[in-house]
Amino acid sequence: MKKTLKATLLYLSVASVSACGPTDDPTVSMAAVAQAAARQDDRVSVKDLAHWLVEERGDFVLVDVRVPDDFESGSIADARNIPIAQLVSEDVLSSLPTDRLIVLYSNGSENAAKATVMLRLSGFDAHLLAGGYNAWHQDI
């Protein structure tokens, strides 16, 4: 019973987030987001991100969804800190670019994966940094 309640609450919260996004594209669907996640098309490896940063590519933004204390303890260069609890506010959504890739990370992947789904359902081109800051800190 608890799993059903949690699943229902997650569905309703994701549906409400998708209703307040900046996109006019009605083709964004939960099924498309789920399929991208299953194919792992919604991920960026730490090695790819490192190359992008070295190349100084300007076609993406990096968002750290951890709490400010974690961000201040260590972060990836050029990352913007937006804690996951603040990610879906209208002010934050309107401040995110709609013309660039958004790469999200947390300590591992769990919160960033949630944030990626929320933003994708809102019409953003959002991707998860696989392994998050922990993988970055370990591998790069």
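In what follows, residues are counted from 1 in the order of the sequence shown. Hydrogens, waters and symmetry mates play no part in the numbers below; they use all other heavy atoms, side chains included.
- The environment of Asp59 atom CG is dense: over 12 non-hydrogen atoms of other residues, nucleotides or ligands sit within 6.0 angstrom.
- The closest side-chain heavy-atom distance from Arg80 to Val61 is not below 4.5 Å.
- Atoms CG and CG, on Asp48 and Leu129 in that order, are 10.0 Å from each other to the nearest 0.5 Å.
- Side-chain atoms of Val63 and Leu104, non-hydrogen and from C-beta on, do get closer than 4.5 Å to each other.
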- Query: Passes side chain to side chain contact (heavy atoms under 4.5 Å, CB included), Val65 versus Ile82? Steps please.
  - Reply: CA-CA 5 Å; Val65 298; Ile82 305 173; 5.5 Å; no
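- Two different hydrophobic clusters hold Leu119 and Leu101 under the rule that ILVMFWY side chains link at heavy-atom gaps under 4.5 Å.
- At a threshold of 4.5 Å between non-hydrogen side-chain atoms, the residues His51 and Ser45 do not count as touching.
- Considering every non-hydrogen atom in both Ala130 and Ala135, the closest pair reads O-CB, 3.9 Å.
- Residue Asp42 holds its CG atom at 12.0 Å from CD of Gln35, rounded to the nearest 0.5 Å.
- Using a distance-only test at 3.5 Å, with no hydrogens or angles considered, a donor-acceptor pair links the side chain of Arg120 to the main chain of Ala126.
- Note that CD1 of Ile140 and NZ of Lys47 are 7.0 Å apart. Values are rounded to the nearest 0.5 Å.
- Residues Asn81 and Asp70 have side chains not in contact (no heavy-atom distance under 4.5 Å, counting atoms from C-beta outward).
- By the 4.5 Å heavy-atom criterion applied to side chains, Leu87 and Met118 are counted as neighbours.
- A cation-pi arrangement, defined by a distance under 6.0 Å to the six-membered ring centre and an angle within 45 degrees of its axis, is present between Arg66 and Tyr133.
- Between Leu49 and Leu62 the shortest side-chain heavy-atom distance falls below 4.5 Å.
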- Task: Step by step, work out the side chain to side chain contact (heavy atoms under 4.5 Å, CB included) result for Leu96 and Ile102.
- Result: CA-CA 8 Å; Leu96 294 172; Ile102 301 171; 4.1 Å; yes
- Message: Checking Leu128 against Ser109 for the side chain to side chain contact (heavy atoms under 4.5 Å, CB included) test, could you report, in this order, the C-alpha distance in whole Å, the side-chain angles of both residues, the deciding distance, and whether it holds?
- Response: CA-CA 7 Å; Leu128 157 74; Ser109 295; 4.0 Å; yes
- Given side chain to side chain contact (heavy atoms under 4.5 Å, CB included), test Leu93 with Phe124 step by step and report yes or no. CA-CA 9 Å; Leu93 288 175; Phe124 291 95; 3.7 Å; yes
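- Taken from CD1 in Ile84 to CG in Asp64, the straight-line distance is 11.0 Å, to the nearest 0.5 Å.
- Residues Trp52 and Phe60 bring their aromatic ring centres within 6.0 Å.
- Residues Met30 and Leu121 have side chains in contact (heavy-atom distance under 4.5 Å, counting atoms from C-beta outward).
- By the 6.0 Å contact criterion, CD on Glu56 is open, its count of non-hydrogen atoms from other residues, nucleotides or ligands being 12 or less.
- You'll find the side chain of Asn111 stays beyond 4.5 Å of the side chain of Tyr105, heavy atoms only.
- Atoms CG and CG, on Asp99 and Asp125 in that order, are 10.5 Å from each other to the nearest 0.5 Å.
- Side chain of Asn134 to main chain of Asn107: a donor-acceptor pair is present (N/O by atom type, distance under 3.5 Å, no hydrogens or angles).
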